[in-house]
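See below for the structure under consideration.
So that the names make sense, note that chain A is the first sequence line, chain B the second, and so on, each numbered from 1. None of these values were measured; they are calculated from a predicted model.
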There are 2 protein chains.
Amino acid sequence: MPYLKRQASCPEPIDCKILTAALNLFVKSGYHNVSIHKIQEEADVSIGSIYRHFNGKEGVAQALYKHILNELDELIDDVIANTQAPAKQIEEIIKQLFEHTETHPEIISYIFHTKHVEFLPNEPLMFDAEPFTRIKNIIKLSIDSNKASEMELQINNSLIMGSVTKLIQLRLDGLAKKPLVESLDILLEKLWQGLGVDLET
Amino acid sequence: MPYLKRQASCPEPIDCKILTAALNLFVKSGYHNVSIHKIQEEADVSIGSIYRHFNGKEGVAQALYKHILNELDELIDDVIANTQAPAKQIEEIIKQLFEHTETHPEIISYIFHTKHVEFLPNEPLMFDAEPFTRIKNIIKLSIDSNKASEMELQINNSLIMGSVTKLIQLRLDGLAKKPLVESLDILLEKLWQGLGVDLET
DNA sequence: TTGACAAGAATGAATATTCATTCTATTTTC
DNA sequence: GAAAATAGAATGAATATTCATTCTTGTCAA
């Protein structure tokens, strides 16, 4: 099973094999271009097992989705636990995302480069999911927003998460030559400047 | 003898009917969830015609893609013809995109809310397509970039196009309550501020 | 003006294929 | 040895594509 943090243990359990295989295939070809049979082949398990564990293809995609959102949520927990100022928390979250783009591109791709609605119609839109609403809140806190309207909050959020998402996608598509962490400082400088945030480092 | 006016002649040409139907269906359900038969039904033409005109489902999607990229290209032509300063050109392009999001949401959605690689594997990545490389160039011109590195240009581009894309997607998903044009001024202010661009209006 | 004829556009039933799912047999685990 | 897990061949529903036929339109001879 793909973990953001932990290493998978030695005798890989069958459901982890399935999820790992599915993740790789989904990311490479897109959900609809991947058949159960391909997953079965790649994971080196039987079709029966896939049905027993996940009750079919959509079940696999859904389990993956929830698993990864969970890990993202834990990542945010960690950042919050170890960082004080909201603005610093945002910086750290972005940094972590950029790093994971290098070390776990499939996971990041499944989050940031996939249109889940097209195969998980019953899941809430991703940016309504827990980790992203939390990020939105931290952004709100990090910017002096006494008199900020709903609309302005949305713009701030779009500036930060929009540019981060765009960079991640460029990198995943091979259009960004260097690891994103190298862009981090410049990006943050421009972001905070645009948003009028003063950081007393 | 008085006679009823003939049915309005000039019936919509068949390939337009097909493209319009396909666009609506693709945007609503996603390419892979739309069958040729649904297109046939929605367009009120025969399956044979779809094959005659576009040689199948993928052909329809491809024709749509090229058609829409073309229109976007023309939009940029217009803006360039009527606006001097690059920064103003960018502003106008963003404004047009925001307006089109209200008046032609399907078209904008097909551009900004679709993963084309998953069904048009032979088309270049969208942000490598003509209109977007042109936008990238205008952005480059609009920002004093004598000493700007490749990386910095990419960050600038991500800030602008990333936030614009994000806002458009929010609006298309119904998560932005008001038309985006109302956000335009604030967005531009923050963008230029972040990018260090002075506008002598 | 009329009717015969040709060219090509449109039709949609029939076909071929793909692929998710089911089901029974087999193996493993405790 | 019972229960749980795994296997993968068989099934059939969904769906892309083909193609023989019908319809439309334009041309030209009588």
Side-chain angles (χ1 to χ4, degrees), chain A residues 1 8-65 110 114-123, chain B residues 6-65 114-123:
Chain A
M1 175 144 36
S9 53
C10 284
E12 204 183 6
I14 204 165
D15 52 348
C16 291
K17 290 210 292 186
I18 295 171
L19 288 182
T20 306
L23 175 63
N24 290 327
L25 291 171
F26 288 163
V27 161
K28 184 168 59 165
S29 316
Y31 177 83
H32 288 285
N33 295 315
V34 173
S35 69
I36 282 276
H37 294 268
K38 280 198 211 134
I39 298 175
Q40 176 259 319
E41 196 179 343
E42 170 105 0
D44 193 34
V45 299
S46 71
I47 292 181
S49 298
I50 297 177
Y51 274 83
R52 151 156 281 277
H53 284 274
F54 299 105
N55 196 34
K57 186 174 155 186
E58 191 174 320
V60 174
Q62 185 159 345
L64 250 188
Y65 187 68
Y110 195 72
T114 303
K115 268 206 86 183
H116 306 92
V117 260
E118 283 187 9
F119 54 94
L120 296 176
N122 296 322
E123 292 295 318
Chain B
R6 285 185 58 183
Q7 277 289 341
S9 57
C10 173
E12 200 183 5
I14 204 166
D15 50 351
C16 289
K17 288 209 295 186
I18 294 170
L19 287 182
T20 307
L23 175 62
N24 289 328
L25 290 172
F26 287 164
V27 161
K28 185 168 57 165
S29 316
Y31 177 83
H32 289 284
N33 295 314
V34 174
S35 70
I36 282 276
H37 294 268
K38 278 198 212 134
I39 297 175
Q40 175 260 323
E41 196 179 344
E42 172 104 0
D44 195 30
V45 300
S46 70
I47 289 180
S49 299
I50 297 177
Y51 276 84
R52 153 161 276 278
H53 285 271
F54 299 105
N55 196 36
K57 187 175 154 187
E58 190 174 321
V60 174
Q62 185 159 347
L64 250 189
Y65 187 68
T114 303
K115 266 206 88 182
H116 307 92
V117 263
E118 282 187 12
F119 54 94
L120 296 176
N122 297 322
E123 292 295 318

### Summary
d(I39(A) CD1, K17(A) NZ) to nearest 0.5 Å is 14.0 Å

### Task
May I have all residue pairs that pass side-chain hydrogen bond (donor to acceptor under 3.5 Å, both in side chains) and include part of residues 23-47 of chain A, sequence neighbours excluded?
S46(A)-S49(A)

### Heavy-atom side-chain proximity of L64(B) to F26(B) below 4.5 angstrom
yes

### Task
Nearest 0.5 Å please: distance from the CG atom of D15(B) over to the OG1 atom of T20(B).
9.5 Å

### Query
Which residues pass the ring pair (Phe, Tyr, Trp, His ring centres under 6.0 Å) test with Y51(A), sequence neighbours left out?
none

#### Entry: Summary of protein contacts for nucleotides 10-28 of chain C, nucleotide by nucleotide, where a base hit scores B, a sugar-phosphate-only hit scores S (4.0 Å, heavy atoms)
SBB------SBBB------

### Message
My understanding is that only residues two or more places apart in sequence, or in another chain, count here; which of them pass ring pair (Phe, Tyr, Trp, His ring centres under 6.0 Å) with Y65(B)?
### Response
H116(B)

### Partner set under salt bridge (Lys or Arg N to Asp or Glu O under 4.0 Å) for E123(A), not counting sequence neighbours
K66(A)

### Task
Find the bend of the helix from dT1(C)-dA30(D) to dC30(C)-dG1(D) as the angle between its two terminal axes (five pairs each), to the nearest 10°.
0°

